[in-house]
Visitor: 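This is the structure I have questions about; it appears just below.
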Amino acid sequence: MTSAQKKLEEVRPGQWSRTEWGIFLTVVVVLLVNLGQFGAGADTASRNQGELAMSMVNDRDLVLDEYVVGIVPGHAATGQQDLYDRAQCRGHIYSGFPPGIAFFMVPLYLVLKAALWLLPVATKPALELVVLVMVSAALAAIVSAVSCTLIYKVASLMAGNRLMAIGATLALVPASWYFYYSTYISQKTLSAAMLVFAFYTVIRGTGTFGTAPAHPGRFWLGTGALAGIALAIDYAPVLVAAILGVYITWHNGLRALGLFTLGMLPMVGATGLYHTLAFGGPFTTAYSWRVVIDGIGAAPSLQVPDLLRLYGLTLSPGKGILFYAPWVLLSVVGVFSGLRTQFRRVAGLAATIALVAFVFNLSLDEWSGQGWGPRYFTMALPFLALMLAFLPNRLQRLLWPLLVFAALLNLLPVLRDGPAVPGGTIWDNPITLYGGQILHTGAATYWLRFFSRNVHQLSPLVLTLLQLVLTALTGVTIWFIWR
């Protein structure tokens, strides 16, 4: 038995080391400090999901008519005035997104509603929505931090190089758009995190690190449940779920596939039931009924890949992967290096997921949705970051300047005053859109807003103390990692 194999026999993949806890706490602090704006000004996806959860609890219904001004006069509970990113079917308004996030908001809303009921003053639905979105965004940030920690754990176990494993974690936060979309309730990031959890459960169930478990059935059930949650949150991971099912079948047979499928049924069934009740069929989604406003908000349509989409997804300043995360080039090298190691099956699985996501994105509109960077490609980012652990020694030094550039670029929407809403084209350059504004106004002003965006009412003394506490927490967690 080699030293590497002996080390794998001694590890316990289900437990976190002090370093992993330190990384988790560091990422949590970074994400929570940067949480986006909430309430009536929050992004439409967050409002949609929060209103759907409130409608299911308060009205026992899926309709959002009472939450939109002008649909039911006098009943605009949360004061929304437009139909952007909503679905309009049979004369009623519904959420324009998959229902998975709202499913998990329901129990959270019940708890918050009970807590708000104890307050001495009456609360309004608008306030309930603000609190629900705020708490949900914080929990979503924690979920993203867990996914980053698992990427570090797998990378360190496979490469045996803690520094490169940290590089793989930094590639997600802050050196990619995974950072920005983890600062609020994003279906792209949350579904990607669920796929990371499913991926980790698969490699544990197959005994990649040490001895295979005596009863792996629970791992296949768990993988199916996590894949089902990812599908309920966002429809695109259906291809990744199929890949995981094929891998499990190839590795452990049809019985494992049956357990995987059984694990998927609850969330997939709940999503199908929602589609049937809202839109008339289990496979009829909200995207079929999305309200189109000036050509924005329509369902993304699958098309034949062409050169413009290839440029848009790879090199364009508005949506290019190599512009927002240039370290992906090194990930491709890492894939080929990983295929020559004892972990070639894991490397092959991660590479297949990334390749399928790339081909899928080439079949979408080249502008890849209105938002920061190529957000439709988010589900592939963790698996590409994992491949950095296999970089040859002669290329490892190239990783760090690429991470610095990507981190600075992806900090732009966070430092900018207010929520980032770049144009929805492949031509917009975020450096000219945001960088010039930040330099013109002054970095100090933006760093102050960076800390105080959601605590406008705090006194200067309290704000200063908050900054000191956050700085101390970050310093302690970094020291905890390197001690």
Side-chain angles (χ1 to χ4, degrees), residues 97-100 147 150 154 187-206 208 216-275 281-285 287-288 299-305 313 335 338-339 344-364 374-384 386-387:
F97 297 91
S147 69
L150 290 183
V154 175
Q187 64 188 88
K188 303 301 180 185
T189 307
L190 285 174
S191 62
M194 293 300 120
L195 293 178
V196 171
F197 300 162
F199 176 83
Y200 180 67
T201 307
V202 165
I203 61 179
R204 283 195 62 193
T206 54
T208 301
R218 68 182 189 277
F219 290 98
W220 312 138
L221 280 171
T223 303
L226 291 166
I229 294 173
L231 287 175
I233 293 174
D234 190 22
Y235 303 126
V238 64
L239 301 174
V240 179
I243 292 171
L244 292 175
V246 171
Y247 184 84
I248 289 173
T249 306
W250 171 60
H251 201 284
N252 282 77
L254 291 176
R255 180 177 180 274
L257 176 63
L259 292 173
F260 171 77
T261 305
L262 183 63
M264 290 182 62
L265 284 180
M267 288 305 295
V268 173
T271 303
L273 178 61
Y274 169 81
H275 291 157
F283 302 108
T284 304
T285 70
Y287 292 123
S288 302
S301 57
L302 294 177
Q303 303 172 27
V304 178
L313 187 59
V335 169
L339 292 175
R344 54 187 175 275
R345 291 183 177 179
V346 176
L349 177 59
T352 303
I353 292 173
L355 179 62
V356 167
F358 184 76
V359 174
F360 174 74
N361 276 263
L362 284 180
S363 302
L364 292 173
R375 61 188 177 92
Y376 292 166
F377 194 69
T378 304
M379 66 179 175
L381 277 178
F383 305 101
L384 289 171
L386 183 61
M387 294 299 98

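The figures that follow rest on heavy atoms only: side chains count, while hydrogens, waters and symmetry mates do not. Throughout, residue positions are numbered sequentially from 1 according to the sequence presented.
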Visitor: If you take all heavy atoms of P99 and Y274, which pair is closest and at what distance?
Guide: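 Reported closest heavy-atom pair: CG-CD2, 3.5 Å.
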Visitor: Please report the C-alpha distance between L265 and L262 in whole Å, then the side-chain angles of each, then the deciding distance to 0.1 Å, and finally whether the side-chain contact (heavy atoms from CB on, under 4.5 Å) criterion is met.
Guide: CA-CA 5 Å; L265 284 180; L262 183 63; 4.0 Å; yes
Visitor: Measure the spacing between CG of L190 and CG of L195 and express it to the nearest 0.5 Å.
Guide: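 L190 CG to L195 CG: 11.0 Å, rounded to 0.5 Å.
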Visitor: Can you tell me how far apart CG (L381) and CZ (R375) are? Round to the nearest 0.5 Å.
Guide: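 Rounded to the nearest 0.5 Å, the CG-CZ separation comes out at 13.5 Å.
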Visitor: Between V335 and A351, which heavy-atom pair has the shortest distance, and what is it?
Guide: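 Here V335 and A351 meet closest at CG1-CB, 3.6 Å.
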Visitor: Looking at side-chain heavy atoms only, is the closest gap between P237 and L231 below 4.5 Å?
Guide: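 A side-chain contact under 4.5 Å exists here.
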Visitor: Taking all heavy atoms of T271 and all of A232, pick out the closest pair and write down the distance.
Guide: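 What the structure gives for the nearest pair is OG1-CB, 3.3 Å.
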Visitor: Which pair of heavy atoms, one from F383 and one from V196, lies closest together, and at what distance?
Guide: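 Minimum heavy-atom contact is CZ-N, 4.2 Å.
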Visitor: Compute the ring centroids of F377 and F360, then answer whether they are less than 6.0 Å apart.
Guide: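 F377 vs F360: aromatic centres not under 6.0 Å.
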Visitor: Quick one: does R204's side chain get under 4.5 Å of F199's, heavy atoms only?
Guide: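 They are not in contact (no side-chain heavy atoms under 4.5 Å apart), so the answer is no.
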Visitor: Just verifying a value: how many Å separate M194 CE and L226 CG, rounded to the nearest 0.5 Å?
Guide: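 That separation rounds to 6.5 Å.
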Visitor: Kindly indicate, with the supporting measurements, whether the criterion side-chain contact (heavy atoms from CB on, under 4.5 Å) is fulfilled by F260 and L257.
Guide: CA-CA 5 Å; F260 171 77; L257 176 63; 4.2 Å; yes
Visitor: Is the distance between the ring centroids of Y287 and H275 less than 6.0 Å?
Guide: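 When the ring centroids of Y287 and H275 are compared, they turn out to be at least 6.0 Å apart.
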Visitor: What are the two closest heavy atoms between A357 and M379, and how far apart are they?
Guide: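 Looking at all heavy atoms of both residues, the shortest contact is CB-CE, 3.7 Å.
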Visitor: Rounded to the nearest 0.5 Å, what separates atom CG in L259 from atom CZ in R255?
Guide: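 If I round to the nearest 0.5 Å, the distance is 5.0 Å.
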Visitor: To the closest 0.5 Å, what do you measure between OH (Y376) and CG (D234)?
Guide: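 One finds 9.0 Å between OH of Y376 and CG of D234.
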Visitor: Identify which one of I248, T261, L244, T201 satisfies the side-chain contact (heavy atoms from CB on, under 4.5 Å) criterion when paired with W220.
Guide: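 By the side-chain contact (heavy atoms from CB on, under 4.5 Å) criterion, W220 pairs with just one of I248, T261, L244, T201: I248.
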Visitor: About how many Å separate CZ of F219 and CD1 of I203, when rounded to the nearest 0.5 Å?
Guide: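 That separation rounds to 11.0 Å.
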Visitor: On a heavy-atom basis, which atom in A241 and which in M264 lie closest, and how many Å separate them?
Guide: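 Shortest heavy-atom contact: CB-CE, 4.3 Å.
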